[in-house]
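Have a look at the structure below, then the notes.
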Amino acid sequence: MSAERFVMEGIGVSPGYAIGRAHLVDRRRIQIPKYHLPHDQVESELERLEAALAQSESQIQDVRDKLSDAGEEHGLILEAHQLMLRDEQLVHATREAIRADLINAEWALKKVIRSIKQLFDNIDDEYFRERRADVEFVGSRVLRNLLGTAQPNLSLVGPSAIVVAHDLSPADTAFLMRTAVLGFATDAGGKTSHTAIMARSLDLPAVVGLENISERVATGDMLILDGASGRIVVNPSPVELARYQRLQLEWQNRLAVITASRHAPAATTDGVPVHIAANVERPEETRTALEFGALGVGLYRTEYLYMNRETLPSEDEQYAAYRQVVEDAGPSGATIRTLDIGGDKFIEHLKRNRELNPVMGLRAIRFCLHELKLFKTQLRALLRASAHGRLRILIPLVSGVEEVRVVRALLQDCRDEVVAAGHAVADDIPLGIMIELPSAALIADVLAHEADFFAIGTNDLIQYMLAIDRGNEHVAHLYRPLHPAVLRVLAQVVAAAHAAGIPVSMCGEMAGEPGYIPVLLGLGLTELSMNTVSVPLVKSVVRAISMADCRALFSELSALVTTAEIERRVALRTQQLLKDLPLPELFSHAR
Ligand code: PEP
Ligand code: MG
């Protein structure tokens with residue numbers, strides 16, 4: 001009897017094909033006993049909790065030790081999990097519940113986990129959804145230790161399995177990678193979930209956000225997983241299997257070529273050089289970015305320095321971070337963006353008033369001009385870092401000329417202060433602006449005489465132009481980078497920068513999508529900054545096309561009036577132009 005064939009669609013977060021048998025890892029549903037304690041058992045119950053916490057900590061330490069060479073990302077996440085085991089909110093509250101409610105440790109812990117998760121539930125933010133998952137992972141590890149049940153037995157997962165789970169903890173993912181699994185498919189998660197980040201850093205194909213694959217697939221089912229399009233074929237036909245095996249082989253061959261050539265310069269076949277830099281969120285990523293072939297840092301999002309902590313980073317701490325980025329970025333230099341919080345980036349201790357519509361609220365440069373002390377601390381740190389390499393300062397969410405002038409004046413004040421304090425500062429620090437508001441885009445010709453460079457942030461520009469909340473999955477299908485209005489504005493901004501003779505780059509996600517590269521080059525961009533993993537592929541894309549073809553494509557598009565027509569034309573032409581490159585599905589993210 002052959003098993004039923006069906007297809008599931010999720011979010012492809014790490015490209016590549018995995019073909020193999022499913023192994024279901026069930027880490028949900030832990031049945032816990034609930035009972036009341038007599039007074040004289042409270043102490044021994046607290047000891048039982050301590051023992052389970054200690055055991056959990058050493059289990060995580062074991063995984064960390066075994067994976068010490070597997071990259072920093074894992075280490076940091078696992079360390080955060082260990083810290084959580086000492087977290088007051090979790091541990092203290094559980095102890096209190098045992099004492100006050102006279103209930104057993106499992107019950108108390110479960111209650112506390114539930115209340116913490118509810119807190120996170122009220123915050124509609126991807127970052128906090130991930131933290132909610134962390135509490136869940138850590139909590140269930142302690143629960144299992146309290147119950148004396150084994151942690152989900154991942155050692156049963158064989159080397160050629162595709163792991164299917166409701167969700168995977170970072171420790172699970174890290175453990176599984178030693179087993180040489182083929183890929184991951186999970187019910188939960190989004191593009192920036194831990195499983196996604198790790199899968200990408202391990203180069204393992206992964207699909208997340210499948211909603212119920214852990215209920216529909218059983219261990220032993222045959223799976224084809226396409227980590228780019230997010231498609232999973234369960235129990236495929238022999239013909240399908242053969243087709244994907246061929247695709248997989250082609251992909252692997254092409255990937256090997258792409259990776260091997262990551263340090264080769266990116267220039268089109270007709271000799272136009274394209275500058276490919278990386279977006280980084282943490283100073284340590286700068287080195288990795290350069291190893292992936294990036295020419296410097298095109299966007300360092302400093303807000304991450306302010307997150308996950310209760311106090312503001314001091315001037316010295318910021319100086320150390322910015323200095324590291326500038327030094328590690330090498331001769332191409334680093335573009336460091338001033339604090340961009342508010343909107344979807346939420347920092348607990350900087351929360352001022354609750355805003356009904358935070359994306360239109362006190363965000364980014366508006367916030368900084370409102371909190372001058374905080375902003376000037378950052379500017380001073382940046383100025384000091386400028387003495388150590390090539391630094392460019394970038395202002396987010398600029399809406400008009402006034403903000404640029406105010407920031408320039410503040411920079412001058414800060415320069416005077418820093419110099420008076422005896423620090424070295426570079427003579428020339430270009431001050432650029434993000435073009436991510438329609439107002440700024442429309443007066444780009446004016447702004448080009450105020451700013452030293454432009455960085456186009458399409459993530460926000462599209463959000464504000466099309467009125468599509470970039471984090472809202474219900475309107476995600478309407479978030480269309482190839483909308484004719486978006487293309488027209490992009491071309492205008494680039495032309496304005498060229499006319500004024502200032503550099504212009506793009507650092508939104510659009511710049512890292514291979515399928516958009518011919519359009520972006522066609523409208524005149526030759527500087528792109530993107531997530532590190534996209535760098536080698538985008539460089540290969542650039543090397544495979546001619547500027548003349550890209551320009552011809554872009555002028556063809558100006559005759560088309562609907563987004564769908566433009567998307568179809570771009571997909572068709574791009575496929576023709578890039579037929580030798582691994583582009584399994586164009587615009588999969590636009591679904
Ligand atoms: C953008 O808006 O495109 C951008 C690069 O900034 P962020 O994603 O950090 O808002
Ligand atoms: Mg932005």
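Whatever order the structure lists ligands and atoms in, that order sets their numbers, starting from 1.
Remark: side-chain polar atoms of Y464 are paired, donor with acceptor, to backbone N or O of V359 under 3.5 angstrom. Looking only at distances, a side-chain donor or acceptor of Y479 sits under 3.5 Å from a matching main-chain atom of N459.
The M434 neighbourhood of ligand 1 comprises atoms 4 (C), 5 (C), 6 (O), with distances under 4.0 Å to a heavy atom of that residue. Residue G457 has at least one heavy-atom neighbour below 4.0 Å for each of these atoms of ligand 1: 1 (C), 2 (O), 3 (O). Short contacts between ligand 1 and C507, defined as distances under 4.0 Å to a heavy atom of the residue, involve ligand atoms 5 (C).
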Please tabulate, for side-chain N and O atoms in residues 446-458, each donor-acceptor pair with protein atoms closer than 3.5 Å (sequence neighbours left out).
from, atom 1, to, atom 2, distance (Å)
E450, OE1, R405, NE, 3.1
E450, OE2, R405, NE, 3.4
E450, OE2, R405, NH2, 2.7
D452, OD1, R408, NH2, 3.3
D452, OD2, R408, NH2, 3.4
D452, OD2, L431, N, 2.7

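Counting heavy atoms only, R301 comes closest to atom 5 (C) of ligand 1 of the residues R301, E436, E509.
Restricting D460 to its N, O or S atoms, the one at the least distance from the Mg ion (ligand 2) is OD2. If you look at E436 and ask which of its N, O or S atoms sits nearest the Mg ion (ligand 2), the answer is OE1.
In terms of the salt bridge (Lys or Arg N to Asp or Glu O under 4.0 Å) criterion, R390 has no residue partners (sequence neighbours excluded).
Using 4.0 Å as the threshold, R337 has a heavy atom nearer than that to some atom of ligand 1.
Donor-acceptor pairing under 3.5 Å is recorded for the side chains of Q378 and T302. For S399 and E403, the side-chain atoms include at least one donor-acceptor pair closer than 3.5 Å. At a cut-off of 3.5 Å, with distance as the only test, no side-chain donor of E317 or S314 sits close to an acceptor on the other residue.
Neither the backbone nor the side chain of M506 comes within 4.0 Å of ligand 1, counting heavy atoms alone. Only the side chain of L299 comes within 4.0 Å of ligand 1, counting heavy atoms alone; its backbone N, CA, C and O stay farther away.
At a cut-off of 2.8 Å, D340 does not coordinate the Mg ion (ligand 2) through any N, O or S atom.
Using a cutoff of 4.0 Å between basic side-chain nitrogens and carboxylate oxygens, E303 and R337 are scored as salt-bridged.
Considering backbone and side-chain atoms together, E303 places no N or O closer than 3.5 Å to any N or O of ligand 1.
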